[in-house]
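First comes the structure, then the notes that go with it.
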Amino acid sequence: VQLQASGGGLVQPGGSLRLSCAASGSFVSINAMGWYRQVSGKERELVAAIGSGGSPNYADSVKGRFTISRDNAKNTVYLQMTSLNAEDTAVYYCNAELVVGTTYYYVLSYWGKGTQVTVSS
């Protein structure tokens, strides 16, 4: 199983970016998917998550600016980020809870490699 994230980069304050993360490999289904971010020296924090039914939740710091969505047919989660500011600078990681197994099923949490988002003029 692999989570492949893309879409990070350098953007000016007030700008926008869209992150994508696609899950591939052998699994039965995907439960929740989400985005986390981490600044050097600090703990990784939840940015946004979305359940299999499409119910999103957001960190207070990004509410109204970020939108998480998913395309179940493509096993992909997106994070549309707008009105970016310097405090959004971090490495962003995607996460997915995947149902795996054959006779017995269980849920495993997978992480993608981080993608750097830098907000700077």
Side-chain angles (χ1 to χ4, degrees):
V1 174
Q2 184 178 19
L3 297 183
Q4 184 65 49
S6 61
L10 173 64
V11 63
Q12 291 187 342
S16 300
L17 277 177
R18 189 192 194 207
L19 305 182
S20 300
C21 177
S24 61
S26 180
F27 51 89
V28 177
S29 61
I30 305 176
N31 288 348
M33 303 183 82
W35 291 94
Y36 292 70
R37 66 187 180 187
Q38 188 170 24
V39 176
S40 181
K42 294 188 177 181
E43 292 188 358
R44 191 173 298 185
E45 63 174 5
L46 175 68
V47 176
I50 185 167
S52 57
S55 300
N57 65 84
Y58 300 94
D60 288 343
S61 60
V62 306
K63 282 181 180 176
R65 300 188 299 120
F66 291 10
T67 302
I68 189 170
S69 61
R70 62 190 284 171
D71 184 334
N72 292 330
K74 295 181 179 180
N75 297 323
T76 299
V77 62
Y78 305 97
L79 186 68
Q80 179 67 49
M81 304 183 292
T82 64
S83 301
L84 286 161
N85 57 61
E87 288 67 42
D88 297 314
T89 296
V91 178
Y92 285 70
Y93 297 89
C94 64
N95 175 269
E97 296 179 349
L98 305 181
V99 179
V100 299
T102 53
T103 303
Y104 300 97
Y105 300 102
Y106 45 100
V107 178
L108 293 178
S109 180
Y110 288 86
W111 292 91
K113 293 182 180 179
T115 183
Q116 177 71 47
V117 172
T118 302
V119 184
S120 176
S121 57

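- Residue V91 shares its hydrophobic cluster (ILVMFWY side chains chained together at separations under 4.5 Å) with Y36, L46, Y93, W111.
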Verdict with supporting geometry, L98 and L108, side-chain contact (heavy atoms from CB on, under 4.5 Å):
CA-CA 5 Å; L98 305 181; L108 293 178; 5.6 Å; no

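- For S69, there are no side-chain hydrogen bond (donor to acceptor under 3.5 Å, both in side chains) partners, not counting sequence neighbours.
- The ring-ring contact (aromatic ring centres under 6.0 Å, His included) analysis of residues 41-79, with sequence neighbours excluded, yields no pairs.
- Not counting sequence neighbours, Y104 has no partner by the side chain to side chain contact (heavy atoms under 4.5 Å, CB included) test.
- To the nearest 0.5 Å, the span separating OG on S29 from CG on N72 amounts to 9.5 Å.
- The side-chain hydrogen bond (donor to acceptor under 3.5 Å, both in side chains) search around S6 returns none, not counting sequence neighbours.
- Under the 3.5 Å distance criterion, the side-chain polar atoms of N95 are matched with a main-chain donor or acceptor of Y110.
- Evaluation of the side chain to side chain contact (heavy atoms under 4.5 Å, CB included) rule for S55 yields no partner, not counting sequence neighbours.
- With rounding to the nearest 0.5 angstrom, the CD atom of E43 is 8.5 Å from the CD atom of Q38.
- In this structure, CH2 on W35 lies 4.5 Å from CG on L19, to the nearest 0.5 angstrom.
- When every heavy atom of I68 is checked against every heavy atom of P56, the shortest pair comes out as CG2-CB, 3.6 Å.
- Between atom OG of residue S120 and atom CD of residue Q12 there is a gap of 8.5 Å, rounded to the nearest 0.5 Å.
- The structure places OG of S20 at 9.5 Å from CD of Q80, a figure rounded to the nearest 0.5 Å.
- Taking the side chain to side chain contact (heavy atoms under 4.5 Å, CB included) definition, one finds that A22 meets it with T76, sequence neighbours left out.
- G101 and Y106 make their closest contact through CA-CE2, 4.3 Å (heavy atoms, listed as atom of the first residue, atom of the second, distance).
- Side-chain contact between N85 and P13: absent, with no pair of heavy atoms (C-beta onward) separated by less than 4.5 Å.
- Evaluation of the side-chain hydrogen bond (donor to acceptor under 3.5 Å, both in side chains) rule for S52 yields no partner, not counting sequence neighbours.
- Between I50 and R70, the closest heavy-atom pair is O-NH1, 3.3 Å.
- Separation of atoms OG1 (T115) and CG (L79) is listed at 11.0 Å; rounding is to 0.5 Å.
- Of the possible donor and acceptor atoms, none in the side chain of T118 sits under 3.5 Å from a partner among the backbone N and O of T89.
- Here the closest non-hydrogen pair linking L17 and G7 is CD2-O, 3.8 Å.
- Under the salt bridge (charged side-chain N to carboxylate O under 4.0 Å, His left out) criterion, K42 pairs with no residue at all, not counting sequence neighbours.
- By the side-chain hydrogen bond (donor to acceptor under 3.5 Å, both in side chains) test, N31 is found to be paired with no residue, residues two or more places apart in sequence or in another chain being considered.
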Can you list the steps and then say if M81 with V117 is a side-chain contact (heavy atoms from CB on, under 4.5 Å)?
CA-CA 10 Å; M81 304 183 292; V117 172; 3.9 Å; yes

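- No side-chain N or O of S24 forms a donor-acceptor pair with one of N75 less than 3.5 Å apart.
- In this structure, V107 belongs to a hydrophobic cluster whose other members, linked by side-chain heavy atoms under 4.5 Å apart, are V28, V99, Y105.
- In terms of heavy atoms, V39 sits closest to A90 at CG2-CB, 3.8 Å.
- Considering only residues two or more places apart in sequence or on other chains, S83 meets the side chain to side chain contact (heavy atoms under 4.5 Å, CB included) condition with R65.
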